[in-house]
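Structure first, commentary second.
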Amino acid sequence: QQQVKQSPQSLIVQKGGISIINCAYENTAFDYFPWYQQFPGKGPALLIAIRPDVSEKKEGRFTISFNKSAKQFSLHIMDSQPGDSATYFCAARSPRTGANNLFFGTGTRLTVIP
Amino acid sequence: GAGVSQTPSNKVTEKGKYVELRCDPISGHTALYWYRQSLGQGPEFLIYFQGTGAADDSGLPNDRFFAVRPEGSVSTLKIQRTERGDSAVYLCASSLMPADAQFFGPGTRLTVL
């Protein structure tokens, strides 16, 4: 069973536009929600992360919006650039004692058209 | 090095063979994780080490998979009697402390023929 559901599977955005990727979860015990960016042949790179006591976090062109009651969170990439073309993964962590593993979504392949 | 390193970057083996994959975490990081990523999917958790001990191995798919971290730094993932279904990218991540952000290495692409 997929612990974190991610959509869309793929996304095409014009340069300068806003890219929005959405994730949903069921486990209310999750306490940490990171987003990772992955280029082909590379490992995932941490982009930005949020904890559930905050509704929004912004770092440069990247913003996470978090809706605790709806159990949803999203990544917004403002002024999208061709260099942002990559696969993006949302993830969530359960604070279960002795465990710190992340549950990942299935990924969104973003293509930014010049 | 500054980041997590993994060797080899690619490994091709035959069905039934034994393989070892190595991970060098970021210096000083106490927690180390192994994940497996199949084509078109997100990483899936395999095992987590805090220091030298495996704190959580609930993600290991079966007893053909085993991992060690004898000195609390470098870790080796060992796969016995490899099967074609084991083909994937094996990712290693580390964090300074267990609840901190996880930083991933470039992965080892394992192909079982």
Side-chain angles (χ1 to χ4, degrees), chain A residues 1-10 21-25 27 29-53 57 59 64 75 86-110, chain B residues 1-10 21 23-26 29-51 53-60 67 88-109 111:
Chain A
Q1 182 183 359
Q2 193 73 30
Q3 297 265 3
V4 180
K5 296 182 180 179
Q6 183 172 348
S7 63
Q9 187 174 7
S10 62
I21 304 170
N22 300 298
C23 285
Y25 63 96
N27 188 346
F30 286 152
D31 69 344
Y32 171 73
F33 301 86
W35 284 88
Y36 284 84
Q37 177 189 58
Q38 187 174 31
F39 292 103
K42 306 291 185 183
L46 180 63
L47 202 56
I48 186 172
I50 198 168
R51 296 190 186 273
D53 54 347
K57 183 174 181 180
E59 289 183 2
I64 299 179
L75 176 69
T87 299
Y88 292 80
F89 293 95
C90 60
R93 185 185 67 198
S94 170
R96 180 169 57 93
T97 301
N100 284 288
N101 55 292
L102 296 173
F103 296 94
F104 283 83
T106 51
T108 296
R109 178 173 289 185
L110 172 65
Chain B
V4 177
S5 61
Q6 292 186 245
T7 54
S9 55
N10 282 283
L21 312 179
C23 172
D24 276 272
I26 294 171
H29 279 199
T30 64
L32 184 146
Y33 313 80
W34 284 97
Y35 291 83
R36 178 168 71 174
Q37 186 174 25
S38 299
L39 193 63
Q41 299 297 314
E44 291 181 301
F45 170 74
L46 295 176
I47 187 169
Y48 151 58
F49 287 90
Q50 176 54 37
D56 182 1
D57 64 358
S58 62
L60 294 178
V89 175
Y90 289 81
L91 294 164
C92 176
S94 70
S95 63
L96 183 61
M97 297 297 287
D100 291 340
Q102 296 181 23
F103 297 93
F104 283 81
T108 293
R109 181 176 297 277
T111 303

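Letters A, B, ... are given to chains in the order of the sequence lines, protein chains preceding strands, and every chain is numbered from 1. Because the structure is predicted, anything quoted here is derived from the model rather than measured.
- In this structure, no portion of B:Ser95 lies under 4.5 Å from any heavy atom of chain A.
- Scanning all heavy atoms of the two residues, the minimum distance from A:Gly43 to B:Leu91 falls at CA-CD2, 4.2 Å.
- Of the two parts of A:Gln6, neither the backbone nor the side chain holds a non-hydrogen atom closer than 4.5 Å to a non-hydrogen atom of chain B.
- Contact residues of residues 30-39 of chain B toward chain A are B:Tyr33, B:Tyr35, B:Gln37 (heavy-atom distance under 4.5 Å).
- Using a 4.5 Å cut-off on side-chain heavy atoms (C-beta onward), A:Tyr36 and B:Gln102 make contact.
- Counting heavy-atom pairs closer than 4.5 Å to chain B, the top residue among A:Leu102, A:Thr106, A:Leu46 is A:Leu102.
- A:Pro34 does not touch chain B: none of its heavy atoms, backbone or side chain, sits under 4.5 Å away.
- For A:Tyr32, the part lying under 4.5 angstrom from a heavy atom of chain B is the side chain only.
- Note that the CD atom of A:Gln3 and the CD atom of B:Glu44 stand 11.5 Å from one another [nearest 0.5 Å].
- Separation of atoms CD1 (B:Ile47) and CG (A:Asn101) is listed at 11.5 Å; rounding is to 0.5 Å.
- Looking at B:Asp100, the atoms closer than 4.5 Å to chain A (heavy atoms on both sides) all sit in the backbone: N, CA, C or O.
- A:Arg93 places a side-chain N or O within donor-acceptor distance of the main-chain N or O of B:Ala99, the cut-off being under 3.5 Å.
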